[in-house]
Amino acid sequence: REIRIAGVEAPSRVAAACSAEQQLGRVAADRLQTLLSGGRVDLQTLQESVGGDPVAVTHRVTVDGRDVGSLQLAEGHVRPRAVGGRSWCA
């Protein structure tokens, strides 16, 4: 099952726009798998909005109480979700 982690944007492994994005996506996915296999996983469904308009259903994901999005952000595997997105290929 695929979900969106709240507040972060990850590079794509499958629909990558360039080989650099695909490689970054593999590294991020491998790290995510390691984090998720490290303890009790909890999901909290959220709705992100911009200017009061809903834009996406996302999930806060925690492993043993640690926020997975924040961990991956701190490690540089993802970036904060931006309206309109940015390329990983620059």
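Because the structure is predicted, anything quoted here is derived from the model rather than measured. The chain is numbered in sequence order, starting from 1.
- At a threshold of 4.5 Å between non-hydrogen side-chain atoms, the residues D42 and R40 count as touching.
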(message) What verdict does the side-chain contact (heavy atoms from CB on, under 4.5 Å) test give for R66 and L71, after you've listed the backbone C-alpha separation in whole Å, the side-chain angles of each residue and the deciding distance to 0.1 Å?
(response) CA-CA 8 Å; R66 298 178 307 154; L71 289 169; 3.9 Å; yes

(message) Working note: R79 + V8, criterion side-chain contact (heavy atoms from CB on, under 4.5 Å); need CA distance, chi angles, decisive distance, verdict.
(response) CA-CA 6 Å; R79 61 185 176 208; V8 298; over 6 Å; no

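- Of all non-hydrogen atoms in D64 and G39, the two that sit nearest each other are OD2-CA, 3.4 Å.
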(request) Verify side-chain contact (heavy atoms from CB on, under 4.5 Å) between V27 and H77, making sure each step is shown before the conclusion. (result) CA-CA 7 Å; V27 171; H77 298 296; 3.6 Å; yes

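- For the atom pair CG (L24) and SG (C18), the distance works out to 8.0 Å, reported to the nearest 0.5 Å.
- Taking the side chain as every heavy atom from C-beta outward, V61 and V41 approach each other to under 4.5 Å.
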(request) Go through R81 and E9 one step at a time and tell me if the salt bridge (Lys or Arg N to Asp or Glu O under 4.0 Å) criterion holds. (result) CA-CA 5 Å; R81 187 176 310 284; E9 177 181 14; 6.0 Å; no

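- Of all heavy-atom pairs between V78 and A10, the closest is CG1-CB, 3.8 Å.
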(request) Output, in order, the C-alpha distance, side-chain angles, deciding distance and verdict of side-chain contact (heavy atoms from CB on, under 4.5 Å) for I5 and L32. (result) CA-CA 11 Å; I5 297 176; L32 178 60; 4.1 Å; yes

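- You'll find the side chain of V57 stays beyond 4.5 Å of the side chain of L46, heavy atoms only.
- In the hydrophobic clustering of ILVMFWY residues, with side-chain heavy atoms under 4.5 Å counting as a link, W88 and L73 come out apart.
- For the salt bridge (charged side-chain N to carboxylate O under 4.0 Å, His left out) condition, the pairs that include at least one residue of residues 16-37, sequence neighbours left out, are R31-E75.
- Here the rule is side-chain contact (heavy atoms from CB on, under 4.5 Å) with R60, and of L43, V68, D67 only D67 fits it.
- In plain terms, the two heavy atoms of S37 and T34 that are nearest each other are OG-O, 3.0 Å.
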